[in-house]
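Step one of this worksheet: look at the structure below.
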Amino acid sequence: MKNKLLNLTLAISILVSTFGLLEAPARAAPSTETPLPVYYALDEVLFQLGSKYFGSNKSSITISDVTITPTGTDPISRVELRDSEDNVLQTLINTSGNTYKVPNPVTPLSNNISLISTDKVSINRGTFEWFRDPNKKVWMYDYDDPDIKGGITQRYYKSDDKVYDRPSSNTCRIHIGLPTDNLPTYPPGYEDTGQCNEATDYREGTLDTSNVMMKVTEDTQGKSITISPTDAVSLNFDNQTFEYVKVGNLERINIKSMSQGKINTKTLTYRFEYAAVYNVEPDIIDDTKPSWVLTWFNSWAISLKGEVYRYPQMKIVYVTTPPTEKTNLSFPSITAPKCVAAGEDSSYTYKLMNSGPAVTTAFKVKISTDGREIITHTFPGIGRETKDGTFTYKFPSSGLKTITFLADSDNVLTLDPASERTKTLTVDVQTSCSGGGDPDPGGCSLGAGCPGEITGKLTVRDKEIEWKDDNVFDVTIDTPPNSCKPTQGRFKAIQGDNEYVYGWTSTISSSNFDTTYFRFKSNQYPGNMQPGSVKVLYYVEDTCGRTSLIGPDDFKIVKISGVPTIEVAWYSQDNLKINEAIQDDIVYVKAKATDTKNEKITLSWDFSKSTWLSSLPSLYGWKAPLDKESYTGIKATTKGSHNVCVTAINESGASASACAYLDVLGPEPKAVITVGGWPKEERRIELSGSRSYSPRKLPLTYQWTIEPMAGQTEGTMADISYIAPLIGELKDFKTTKKGKYLVTLVVTDTLGLSNDTWEIVDVAPDIAPVAKITGNQIAARQTSDRTLAPFVLLGYGASLDADIISKRYWTLTYDANNDGVFHEPVTAEIDEDALVQGWEYPYTIGSDQLIITKTGEHIVTVKGQNVGKYRFGLRVIESPGQPTDLVH
């Protein structure tokens with residue numbers, strides 16, 4: 001019967017083992033992503049811009065902490081802040097329980113959202129005043145901008161002795177800074193010259209935007225999005241829409257130039273500058289005092305442009321991942337003899353349990369005492385089962401001893417973090433086990449009811465302590481009821497199968513008081529006690545040979561999870577943080593981890609994100625697991641961007657990750673071309689290689705080539721001008737023909753290493769100016785003026801590409817036979833600059849005579865005597881408004 005039972009047991013054992021071998025390996029279950037909304041403060045979102053962005057005037061946004069309630073039982077593996085396209089913006093950190101925090105405020109994207117005003121803002125009527133001093137020689141105006149010429153009065157002087165009732169259109173000397181009173185007729189020296197009736201002024205005040213809104217300029221899918229101007233981040237004048245509003249004699253044509261205005265977005269105060277020619281009658285003339293004052297009015301209507309910050313639409317996404325089941329080893333029980341005597345062999349048994357998947361890898365269980373190995377057992381593998389182990393050991397001396405059991409002592413298995421692979425047994429070794437094997441001289445084993453009569457009070461000072469904190473046990477003995485006096489005592493702490501018995505002390509015999517510490521040492525509490533309730537007892541022996549039990553008292557160990565933080569960075573050999581290295585430099589990478597509860601942190605490095613990084617562990621012999629604080633002596637052999645990451649995991653299982661990029665640059669220099677100047681025909685185009693650089697900080701030489709692109713330009717090499725040779729950091733060129741030109745730059749360092757780059761310069765055409773004549777189309781002969789009919793003509797000339805109108809030529813024709821064809825002769829071109837203002841110049845056309853007179857700035861009056869049609873022509877000539885000289 002015994003043999004049959006044995007055979008049956010073996011058969012079952014083999015069958016179970018076989019199924020264990022065929023068991024499929026555990027596979028990682030897929031993760032689940034669950035999105036959660038992000039809630040913003042009311043004032044943080046100005047408007048929604050489609051499904052991807054929103055507008056805000058906040059320079060940063062702090063996302064509120066989020067508490068997550070998972071819908072399933074799978075643990076949260078990570079929580080991320082993402083944009084609408086699932087790009088990860090930040091990884092949230094766990095602060096406590098299921099509460100997570102976005103570690104840094106969110107900042108705007110680089111491209112702001114542009115705004116334009118729905119209507120123009122009116123700048124109400126203002127004034128400009130010219131003054132003439134009492135000696136009638138000086139015209140002046142005030143210009144108090146502190147950034148322009150000291151902010152003091154400018155005075156214009158004529159060098160002749162004439163008295164002018166209006167500022168002259170000719171050239172004046174300009175003097176700055178003399179006192180307002182007691183002006184000399186001609187002050188010594190002058191700082192500048194200029195046209196006598198031209199001046200610069202400014203307007204400032206507070207904008208009235210009550211009827212204006214700012215509109216988003218980009219595509220809003222047919223929906224108009226507007227905000228108040230005061231909600232904009234920046235606000236400026238749109239200089240292209242400055243509209244001069246005529247409120248007096250000054251015309252739009254009198255305004256020569258406008259400057260960039262400035263607006264304070266919060267207060268809506270503004271300032272802009274303009275220059276004007278004051279060659280029309282003043283709106284107000286005050287000649288009642290010796291010092292004349294002439295006043296002109298001006299008014300404006302201007303569009304506003306502005307910006308607000310662009311933020312991505314955001315969401316919180318938490319990822320849950322089913323835990324991967326791993327081997328879970330523990331010691332459910334350890335059995336020792338009731339009495340262990342010094343110098344005698346004693347047998348011990350233990351049970352080793354695996355509550356995880358089966359494993360076929362051989363592993364070891366080491367048993368040791370006082371740091372010395374007693375025996376090591378080898379297990380060929382283990383299923384989801386419990387196995388027994390037995391050994392014999394002889395303690396050489398009496399006293400409290402500990403035996404430590406360590407499963408997988410050779411670290412060949414992948415264990416579940418919950419594995420209780422270590423267990424400690426405390427043994428009270430007696431000098432002798434005679435007398436029936438009772439362990440205590442008083443005949444009472446610890447933990448059993450004892451017949452002693454001594455009483456007292458046992459107190460645990462802290463009823464609850466946090467993990468790693470210490471506690472204190474106190475006991476006070478009452479007055480003994482008889483002549484039996486206490487001789488020695490000991491404390492005992494019990495937690496389930498774990499217990500720890502303190503050594504006997506005689507302190508109690510003299511003071512009737514005893515105390516001891518419950519301390520966290522060598523990363524564990526006495527008896528390897530864990531979070532949970534602990535019971536404390538006290539045993540006291542007396543002079544009558546009896547043992548009394550005092551207590552119990554309880555306390556609780558509470559483990560509050562810590563939150564790890566992790567930083568990682570690359571360093572150079574001289575210990576400087578870097579994010580760039582030159583090929584073959586020696587570098588190292590280092591992580592710094594902390595924990596809010598000072599829990600032990602384990603690092604786990606990820607070198608898998610580039611081929612070069614993946615090769616480092618085997619190249620340098622780094623042993624698994626990759627958990628060191630730093631890895632040094634790394635030679636950066638491979639060019640490119642390499643990202644290494646490290647995860648910090650604390651004892652509670654909370655984790656945090658960080659990554660650091662290292663861009664490995666080649667030793668060769670980098671060529672960079674910057675194109676400036678004016679890419680237009682016959683203008684200076686500036687080429688710069690100043691942004692080129694050598695990673696090794698070596699001096700560079702520069703070699704340029706400039707050539708027309710076939711089929712994309714009208715120019716040839718003969719049309720390109722430059723100062724030879726084509727070397728140097730800066731190089732200018734110009735061309736007479738529009739089109740595209742290929743510019744290349746080769747930079748070379750002193751080691752002979754070089755790099756090249758190219759840019760296409762698109763040269764725009766030099767656009768011809770436009771000319772226009774306005775004036776009266778019908779004139780009546782004036783009896784008072786020799787029966788001549790006057791045509792007052794304003795010659796308007798403008799450059800469409802910022803050039804300068806330098807010459808105006810007039811032509812005159814009379815249709816003598818009134819056939820409307822104008823076959824009659826035309827006058828030679830009349831140079832407007834050759835005309836003296838107010839003088840009459842007669843021109844004969846066939847048998848007819850016309851008279852032309854310059855009556856103002858680009859204004860002429862043509863007088864004819866005959867009835868019929870006249871034709872007037874104007875040709876304007878421009879000169880370059882940008883530099884044409886070559887400097888480099």
Side-chain angles (χ1 to χ4, degrees), residues 168-172 193-198 251-258 275-280 677-685 714-715 719-721 732-739 763-775 777 791-814 822 824-845 850-863 870-887:
S168 170
S169 62
N170 295 323
T171 300
C172 281
T193 58
Q195 190 170 323
C196 300
N197 61 356
E198 289 187 10
E251 303 275 356
R252 174 64 183 88
I253 196 172
N254 293 96
I255 308 302
K256 290 191 62 177
S257 64
M258 300 293 305
V277 179
Y278 295 90
N279 57 7
V280 295
W678 295 265
K680 190 171 77 170
E681 292 173 331
E682 287 289 3
R683 304 299 189 270
R684 183 172 77 220
I685 302 170
E714 299 176 359
D719 298 308
I720 301 173
S721 302
D732 305 333
F733 81 98
K734 64 180 179 180
T735 175
T736 59
K737 299 292 178 64
K738 68 179 181 179
V763 178
D766 186 5
I767 302 174
V770 295
K772 181 180 178 181
I773 301 174
T774 59
Q777 295 183 334
F791 294 90
V792 180
L793 309 174
L794 171 62
Y796 174 78
S799 170
L800 302 181
D801 54 356
D803 283 331
I804 300 168
I805 304 301
S806 57
K807 279 291 186 180
R808 288 172 168 79
Y809 293 97
W810 295 86
T811 55
L812 316 174
T813 311
Y814 172 62
F822 288 98
E824 287 77 7
V826 181
T827 64
E829 289 187 322
I830 303 168
D831 184 351
E832 182 181 299
D833 290 339
L835 303 178
V836 176
Q837 188 167 331
W839 288 23
E840 292 187 343
Y841 296 87
Y843 282 85
T844 300
I845 307 174
L850 299 177
I851 297 173
I852 186 171
T853 304
K854 181 178 180 180
T855 54
E857 188 72 16
H858 313 315
I859 300 174
V860 297
T861 299
V862 179
K863 299 178 181 179
Y870 294 80
R871 174 179 287 176
F872 310 113
L874 174 66
R875 182 170 70 93
V876 299
I877 297 176
E878 69 178 14
S879 58
Q882 306 86 26
T884 60
D885 58 319
L886 297 176
V887 180

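The first residue in the sequence is number 1, and the count goes up from there.
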Lys/Arg-Asp/Glu bridge criterion (N-O < 4.0 Å) met for [X], [Y]:
X	Y	value
Arg683	Asp885	no
Asp831	Arg808	no
Glu878	Lys807	no

Under 3.5 Å, is there a donor-acceptor pair between the side chain of [X] and the main chain of [Y]?
X	Y	answer
Asn254	Val277	yes
Asp732	Leu886	no
Lys734	Thr884	yes
Thr735	Asp719	yes
Thr853	Gly838	no
Ser799	Ile804	no
Tyr843	Thr811	no
Asp801	Ile767	yes

Reported [atom1]-to-[atom2] distance for the pair [X] and [Y], which is rounded to 0.5 angstrom:
X	Y	atom1	atom2	answer
Gln882	Asp803	CD	CG	5.0 Å
Leu874	Ile830	CG	CD1	11.0 Å
Ile859	Leu794	CD1	CG	5.5 Å
Asn279	Asn197	CG	CG	5.5 Å
Phe733	Arg684	CZ	CZ	12.5 Å
Glu682	Ser721	CD	OG	7.0 Å

Looking at every non-hydrogen atom in both residues, tell me the closest pair between [X] and [Y] and how far apart they are.
X	Y	answer
Glu681	Asp766	OE1-N, 2.8 Å
Phe872	Ile773	O-CD1, 3.5 Å
Val862	Ile852	CG2-CG1, 4.1 Å
Thr813	Pro825	CG2-O, 3.5 Å
Ile685	Trp678	CG1-O, 3.4 Å
Gln837	Ser169	OE1-OG, 3.6 Å

Handout entry: Within-4.5 Å side-chain heavy-atom neighbours: Glu857 and Glu832
Key = no
Exercise for the section: State, yes or no, whether a side-chain contact exists between Thr827 and Ile845 at a heavy-atom distance under 4.5 Å. Expected result: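 Yes, close enough: below the 4.5 Å cut-off.
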Handout entry: Donor on one side chain, acceptor on other, Glu829 and Trp810, under 3.5 Å
Key = no
Practice task
Test side-chain contact (heavy atoms from CB on, under 4.5 Å) on Ile877 and Ile805 and set out the steps.
Solution key: CA-CA 6 Å; Ile877 297 176; Ile805 304 301; over 6 Å; no
